[in-house]
**Student:** 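My questions will all concern the structure given below.
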Amino acid sequence: MKDRSDSDTAATSEASGAKTTYRLGEASPPQEHTMQKYKGSTFTVMPTKVETGTKADVAASGLQLDASDGPKVPVYVSATLTHKSGKAMTVGDLDDDMVVRTDKDERARSLIVLVGRATWPNCPAADAEKQLSAGQSESICNVFLIPQGQKPAAVELTQGFTAAPLEWPVNN
């Protein structure tokens with residue numbers, strides 16, 4: 001009996017037809033949460049809309065950026081999170097694996113304001129501590145900051161270190 005190499009396993013995974021690219025408005029397959037406290041719980045993510053803001057939005061938000069980061073613009077991602085099964089989960093634990101990939105292949109995580117408050121037009125802050133039980137959904141809007149001059153190319157949902165991210169391309 002022959003041992004299978006990593007490349008054989010990857011080829012089998014690709015041959016299985018596991019879909020990794022979706023249209024905006026199309027839900028991911030159920031994802032198992034990676035946090036131990038939610039072991040066995042599943043959820044889906046469905047990005048529905050992606051809009052790019054302006055440098056003026058950042059200035060009006062009240063957010064103080066470090067000058068060494070260079071000029072940034074916000075990207076607003078609206079999505080629906082659905083808890084499918086298992087232990088109740090917080091909204092903040094369901095959306096923490098979302099990222100925006102730019103046309104220059106840079107990735108930005110959702111903005112978290114640690115001190116003070118930032119407000120964004122048409123993108124109200126979600127209640128990250130709200131609990132969702134199996135069968136419940138929540139519509140959210142997250143803000144991602146990308147370098148000025150770049151465009152959002154896709155919303156991605158990371159799946160740990162061993163699986164390719166799920167991707168929702170953005171048509172600019």
**Student:** Side-chain contact, heavy-atom cut-off 4.5 Å: D93 with K37?
**Tutor:** yes
**Student:** Keeping the roles fixed (side chain from H33, backbone from M89), state whether a donor-acceptor pair exists under 3.5 Å.
**Tutor:** no
**Student:** So, N122 versus Y76: side-chain donor-acceptor pair below 3.5 Å or not?
**Tutor:** no
**Student:** Considering only heavy atoms from C-beta outward, does the side chain of S28 approach that of F43 to under 4.5 Å?
**Tutor:** no
**Student:** Can you confirm whether E167 sits close enough to P169 that some side-chain heavy atom of one is under 4.5 Å from a side-chain heavy atom of the other?
**Tutor:**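 The answer is yes, as the side chains (C-beta and beyond) meet within the 4.5 Å cut-off.
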**Student:** Are V155 and M98 packed together at the side-chain level, in the sense that at least one heavy-atom pair is separated by less than 4.5 angstrom?
**Tutor:**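 Yes, at least one pair of side-chain atoms sits under 4.5 Å.
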**Student:** Below 4.0 angstrom, N of the basic side chain to O of the carboxylate: do D103 and R101 qualify?
**Tutor:** no
**Student:** Do V45 and F144 share a hydrophobic cluster (ILVMFWY, side-chain heavy atoms under 4.5 Å, transitive)?
**Tutor:** yes
**Student:** Are any of the side-chain heavy atoms of T52 and K151 separated by less than 4.5 Å?
**Tutor:**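 Answer no - side chains too far apart.
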**Student:** For residues L166 and Q31, determine if any side-chain heavy atom of one lies less than 4.5 Å from a side-chain heavy atom of the other.
**Tutor:**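 L166 reaches Q31 side chain to side chain.
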**Student:** Does anything in residues 48-64 form a salt bridge (Lys or Arg N to Asp or Glu O under 4.0 Å)? List the pairs, not counting sequence neighbours.
**Tutor:** K49-E51
**Student:** Applying side-chain contact (heavy atoms from CB on, under 4.5 Å), can you list everything that pairs with T102, at least two apart in sequence or on another chain?
**Tutor:** K104, E106, I146, Q150
**Student:** For T48, give me all partners under side-chain contact (heavy atoms from CB on, under 4.5 Å), at least two apart in sequence or on another chain.
**Tutor:**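 So T48 forms a side-chain contact (heavy atoms from CB on, under 4.5 Å) with M46, S78, T80.
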**Student:** Answer whether the closest heavy-atom distance between the side chains of Q136 and K130 falls below 4.5 Å.
**Tutor:**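 The answer is no; the side chains never approach within 4.5 Å.
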**Student:** Would you say the side-chain atoms of T82 pair up with the backbone N or O of T44, donor to acceptor, closer than 3.5 Å?
**Tutor:**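 Looks like no, no N/O pair under 3.5 Å.
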**Student:** side-chain contact (heavy atoms from CB on, under 4.5 Å) between L145 and L65: does it pass, once the steps are laid out?
**Tutor:** CA-CA 10 Å; L145 292 179; L65 294 177; 3.7 Å; yes
**Student:** Quick one: do V170 and V99 end up in the same hydrophobic cluster if we chain Ile, Leu, Val, Met, Phe, Trp and Tyr together by side-chain heavy atoms under 4.5 Å apart?
**Tutor:** no
**Student:** Do V58 and P74 have side chains that approach each other closer than 4.5 Å (heavy atoms only, starting at C-beta)?
**Tutor:**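 Touching, per the 4.5 Å side-chain cut-off.
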